[in-house]
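Inspection log for the structure reproduced underneath, given as C-alpha cells.
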Amino acid sequence: MASSSGRIYGWLESQRFDVIGAIGGLLLAVMMLPLRLIASNLYILGIPVMIGLASVLYLLAVRTDHSEGLPAMPIWLGRLLPSLVLLGTALLIVLGLWQGGRTPAFYNLATLVGIAIFAQVFFTRERDFVPGLLIVQIMAFALTIRFISLFTTPGFTGIDVWTHVPNWSAAILESGSLAPLADNKYYAAPLFHLLTVSTSLLSSVSVRSGLILSVGTAMAFSPLFVYVAARLFVSERWSLFALAVFAITAHTIEWSIHLIPTSLGLVFFLGVFYLLVRALNVEPGGREFLMIVVFSIGTILTHQISAFIMLVVTGAGLFAHLLLRFDLFSPPSRVRGIRTTQGDSVSLTGLLAFDLGFITFMWSLTPYHGDTFLATTFSFFRSTLAESEGFGDLSGEGAAAAAGADPTLIEQAVNYIDAAVFLSLFMLTVVGCLYVLRRRNISHATFMCGVSVVVMLVFIFGFPMFGIRTFIPQRWYAFLAAPMALLSAIGVAYLARRLNPPTIVAILLVFTLVFPAVSMAATNSTIDDPRFEGAQTKYSYEQSELNAVDTIGDIHPLEEGERYHTDHPYNTVFSRAGPGPAAAANISDEGRQNTDVLIHREQQRLGATFFVEDEEEGRISPAMSRSELCGAERHYSYDNGEVAACPATWEIDASDDTGGDLGGGEDTGGGAGDGGADAGGGSP
C-alpha cells in the first residue's frame with residue numbers, strides 16, 4: 001500500500017496541476033449539464049458552459065506561445081481616446097443633471113465611455129500607455145455614474161436605507177445616543193449609523209448628505225483596493241483591467257447607490273482583502289497584521305453578513321497557507337518564494353481566531369428577534385435545513401418564478417443581461433484559477449483568492465440548490481467580485497501572452513463591447529432608473545411620490561391592525577420611514593374588497609411592481625392602471641397627479657387582511673444579514 005501511495009505521489013509530482021485542472025474542468029462542465037433539467041436559473045445553467053469554455057481556452061494557451069504582444073490600435077486613436085473618455089464623462093455629468101437622473105441616453109453614453117476605457121487597457125501600444133491617465137479616467141467615470149444617481153434621486157434608492165437613515169440615523173442625531181437602536185441587531189454594529197451622523201454633524205448637513213459624503217465617497221474610491229492588490233501579481237495594464245472591471249460591475253454599482261451597512265462593510269472587506277493578499281505575497285510585518293485587525297474590527301462593527309464573508313476569506317487564506325506547505329505544491333525552483341515559516345501560520349491562525357472570537361462575542365451580545373443574533377441565526381439555519389427538500393429545492397428562487405407566468409421577450413433579455421455581467425467575468429476567473437494551479441505560478445495569495453471564490457460560490461449557488469438561503473446569497477456578489485477581478489486579470493494576462501493574435505483579439509473585443517453594455521443595463525446597477533422600464537423594478541421615487549407618503553398618512557391615520565396597501569417596493573417607504581405599516585396589495589377581487597386604503601401611483605402603469613394575487617406573493621404585475629386597482633366603487637381622497645389614495649366606501653373587517661409584506665416590515669428579516677428584500681431583484 002505504501003509503495004502504491006508513493007507511486008501515486010511521485011506521479012502527481014511530475015504532473016502539471018493546471019492541465020489536470022483544465023481537463024477536470026471540461027469533465028465537470030459536462031457532468032453539470034444535467035442541472036438544466038432541474039433548474040432554470042441562467043447563472044446555474046451558464047456556469048458549466050463558462051467552465052468548459054475557460055478550460056478549452058487554457059488548454060489552447062498551454063499549447064501555444066505567441067509572446068510578441070497584443071496588436072495595438074492606431075497611434076492617433078490611442079492618443080484620441082483619453083480625451084474622448086474625459087469629454088464623455090463630462091457630458092455624462094451634464095446629461096444626468098439636465099435630465100434629472102440616469103436615463104437611457106445616460107446609459108448609452110456610459111456604455112460608449114466604458115468601451116473606450118477597455119479599448120485603451122487592451123490595445124494601447126506600450127509607448128503610449130500612461131497608467132496614471134487611465135486611473136484618472138476609470139475613477140472619474142466610476143464616480144460619475146455613482147454620484148449622478150446619489151445627487152439626482154429624491155430621498156434614497158433602495159429598501160433598507162429607508163430604515164437605516166431617515167429612521168434610525170435621524171433618530172440617533174436627534175437623541176444624541178444609540179437608544180433608537182436598542183433591541184436591534186445594529187446596536188452592536190452601529191458604525192454605519194455613527195459615521196453618517198458624525199459626518200452630518202461635522203459638515204452641518206442633513207443625514208442624507210452625511211451618508212453620501214461618508215459612505216458614498218468611501219464606496220466610490222474603494223475599487224482602488226483591488227488595483228493595488230492586483231499590482232502585486234500583474235503589470236499595470238492588467239491591474240487597470242481589474243480596477244475597471246470591479247468599478248463598473250453591476251453589484252458594486254448597486255451598493256454604491258443603495259447605501260446601507262452592506263456598502264460600508266464592503267469597503268472594510270476590501271481593505272482586509274488587500275492586506276491579506278499583501279501579507280501572503282510579501283514578507284509581512286506587524287503593521288500589515290495590525291491594519292488587518294483594525295479593518296476586521298470595522299467590518300464586525302458595521303455589518304454581520306460582511307463580517308461572515310470576511311471570516312470566510314480569512315479562513316481561505318489560512319487553508320491556502322497550510323496546504324501549500326506540502327512539498328507536492330512546491331515549484332521546481334523557489335523563484336516564487338513560497339514561504340513555509342511557522343510564524344506566518346501562527347499569525348494567520350491568530351488572526352482567524354481573533355476574528356472568530358470577536359464575532360462570536362459580539363453576536364452573542366447582539367439582540368435579534370427576542371434572542372441573541374448568534375442563537376437566532378442558528379435557529380433560522382436549523383429551520384431551513386429541516387424544511388429543505390434536498391438537492392434541487394429551488395423554491396423561492398425569485399419573484400418571477402412565483403408569478404407563474406411566462407416571461408416576455410424583454411424580460412428574458414434582461415435575465416440574460418443580468419447573467420452576462422457575472423458569467424463573462426467568471427470565465428476569465430476560471431482561466432486565472434487554472435493558471436495559479438501550476439506549481440511554478442503558485443503563491444499563497446492567489447491560491448487564497450481561488451479558494452475564496454470556490455467557497456463563496458458554494459454560499460451563492462450551492463446552498464440555494466438545497467433551498468438554504470439563510471446567508472442571503474444576493475449580498476455576496478459584490479464581495480466575490482474582488483477576488484474574481486484579481487484572478488481574471490491574471491487569467492487575461494496569461495491568455496494575452498500565449499494565444500495567437502486573432503484569437504486573443506477576438507476575446508478581448510467581445511469583452512470590450514459586451515461587459516460595459518451589460519453592466520450599464522443590468523438590473524442591479526440601474527435600480528434607481530431602470531434601463532428597461534416594465535421589466536426592471538425601480539427602487540427610487542419621484543418627489544411627488546415621497547410627498548404623498550406623509551400627506552396620505554395625515555388624511556388616513558391608521559388604527560390598530562390596519563395597513564396601507566400599495567405596490568412593493570413603494571409600501572416599504574410607508575413602513576420604514578412613513579406614517580405606518582404597509583403591505584403589497586392583494587389585487588385579486590376578494591383582496592381589493594377586503595382592503596381599506598389602496599394607493600396607486602403612475603409607476604404601476606409601467607409594470608415591474610410587485611403585488612399579491614390569491615396565494616402568490618411577489619407577483620410582478622405587467623401593468624396596473626388606476627381604475628384597475630381602485631375599481632368603480634371607490635372614491636379618491638387624495639390625488640396629486642402621480643399618486644392617488646382610494647379608501648373603501650364600505651365597512652372593513654380589519655382582521656381580514658389579505659395583503660403581503662414582501663420585505664416591507666421592520667429591517668430585521670431572516671438570515672445572517674440585513675432584513676427585507678434586496679434592492680436588486682435580478683439576481684438569484
Side-chain angles (χ1 to χ4, degrees), residues 16-19 21-22 25 50 53-73 117-131 134-135 138 223 225-247 249 274 277-278 281 331 335-336 424-450 453 481-512 515:
R16 288 186 55 170
F17 289 159
D18 54 336
V19 175
M50 293 298 106
L53 184 57
S55 300
V56 170
L57 287 175
Y58 190 82
L59 290 175
L60 287 175
V62 168
R63 296 176 61 87
T64 57
D65 186 6
H66 292 269
S67 56
E68 64 268 19
L70 283 170
M73 68 177 72
I117 288 175
F118 279 105
Q120 291 180 75
V121 172
F122 293 144
F123 303 118
T124 301
R125 64 175 187 167
E126 290 297 332
R127 69 171 63 180
D128 295 326
F129 190 77
V130 183
L134 259 173
I135 291 177
I138 295 171
F225 279 119
V226 177
Y227 170 76
V228 293
R231 281 294 292 125
L232 298 172
F233 304 101
V234 291
S235 65
E236 287 181 309
R237 182 184 297 273
W238 306 116
S239 298
L240 288 168
F241 168 79
L243 171 64
V245 161
F246 187 83
T249 193
Y274 161 67
V277 168
R278 179 177 176 81
N281 193 66
V335 295
R336 297 289 297 178
S424 58
L425 186 60
F426 177 75
M427 185 197 74
L428 296 177
T429 302
V430 174
V431 175
C433 288
L434 294 174
Y435 174 81
V436 301
L437 279 178
R438 190 175 183 183
R439 279 189 291 266
R440 58 188 267 181
N441 301 327
I442 283 179
S443 71
H444 288 132
T446 55
F447 204 75
M448 178 200 74
C449 291
V453 168
M484 284 182 65
L486 191 149
L487 288 170
S488 64
I490 294 174
V492 75
Y494 178 69
L495 294 180
R497 291 196 307 270
R498 305 284 300 193
L499 291 178
N500 60 67
T503 304
I504 187 61
V505 167
I507 293 172
L508 297 183
L509 274 178
V510 170
F511 189 92
T512 299
F515 190 78

Between [atom1] on residue [X] and [atom2] on residue [Y], distance to nearest 0.5 Å:
X	Y	atom1	atom2	result
Leu434	Asn441	CG	CG	11.5 Å
Ile138	Leu240	CD1	CG	5.0 Å
Ile442	Phe447	CD1	CZ	6.0 Å
Leu428	Met484	CG	CE	9.0 Å

TODO: Return the set of residues passing side-chain hydrogen bond (donor to acceptor under 3.5 Å, both in side chains) with Ser235 (not counting sequence neighbours), or none when no residue passes.
DONE: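 Listed in chain order: nothing, the list is empty.
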Open item on the list: Taking side-chain hydrogen bond (donor to acceptor under 3.5 Å, both in side chains) as the definition, give me every residue that meets it alongside Arg125, ordered by chain and number, with sequence neighbours left out.
Closed with: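 Arg125: side-chain hydrogen bond (donor to acceptor under 3.5 Å, both in side chains) contacts with Asp128.
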Evaluate the side-chain proximity of [Y] to [X]: yes if any heavy-atom separation is below 4.5 Å, no if none is.
X	Y	value
Leu243	Leu134	no
Val430	Met50	no
Thr446	Ile490	yes
Phe233	Ser443	yes
Arg438	Phe17	no
Leu499	Ile507	yes

TODO: Applying side chain to side chain contact (heavy atoms under 4.5 Å, CB included), name anything that partners Val130, two or more places apart in sequence or on another chain.
DONE: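 Scan of Val130 (side chain to side chain contact (heavy atoms under 4.5 Å, CB included), adjacent residues dropped) gives Leu133.
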- [ ] Would you please name every residue forming a salt bridge (charged side-chain N to carboxylate O under 4.0 Å, His left out) with Arg237, sequence neighbours left out?
- [x]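 Partners of Arg237 under the salt bridge (charged side-chain N to carboxylate O under 4.0 Å, His left out) test: Glu126.
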Open item on the list: Given 3.5 Å as the limit, does a donor-acceptor pair link the side chain of Arg498 with the main chain of Val62, or not?
Closed with: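 Looks like yes, one N/O pair under 3.5 Å.
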TODO: Taking Thr249 for its side chain and Phe246 for its backbone only, find out whether a donor-acceptor pair lies under 3.5 Å.
DONE: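 The answer is no, because no donor-acceptor pair under 3.5 Å joins these two groups.
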TODO: Determine, step by step, whether Val492 and Leu508 satisfy the side chain to side chain contact (heavy atoms under 4.5 Å, CB included) criterion, reporting the C-alpha distance in whole Å, the side-chain angles of both residues, the deciding distance to 0.1 Å, and the verdict.
DONE: CA-CA 9 Å; Val492 75; Leu508 297 183; 3.5 Å; yes
Open item on the list: Phe511: which residues meet the ring pair (Phe, Tyr, Trp, His ring centres under 6.0 Å) condition with it, sequence neighbours left out?
Closed with: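 Phe511 satisfies ring pair (Phe, Tyr, Trp, His ring centres under 6.0 Å) with Phe118, Phe241, Phe515 once adjacent residues are dropped.
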Open item on the list: I'd like to check the ring pair (Phe, Tyr, Trp, His ring centres under 6.0 Å) partners of Tyr494; sequence neighbours left out, ordered by chain and number.
Closed with: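 Ring pair (Phe, Tyr, Trp, His ring centres under 6.0 Å) list for Tyr494, sorted by chain: Tyr58, Tyr435.
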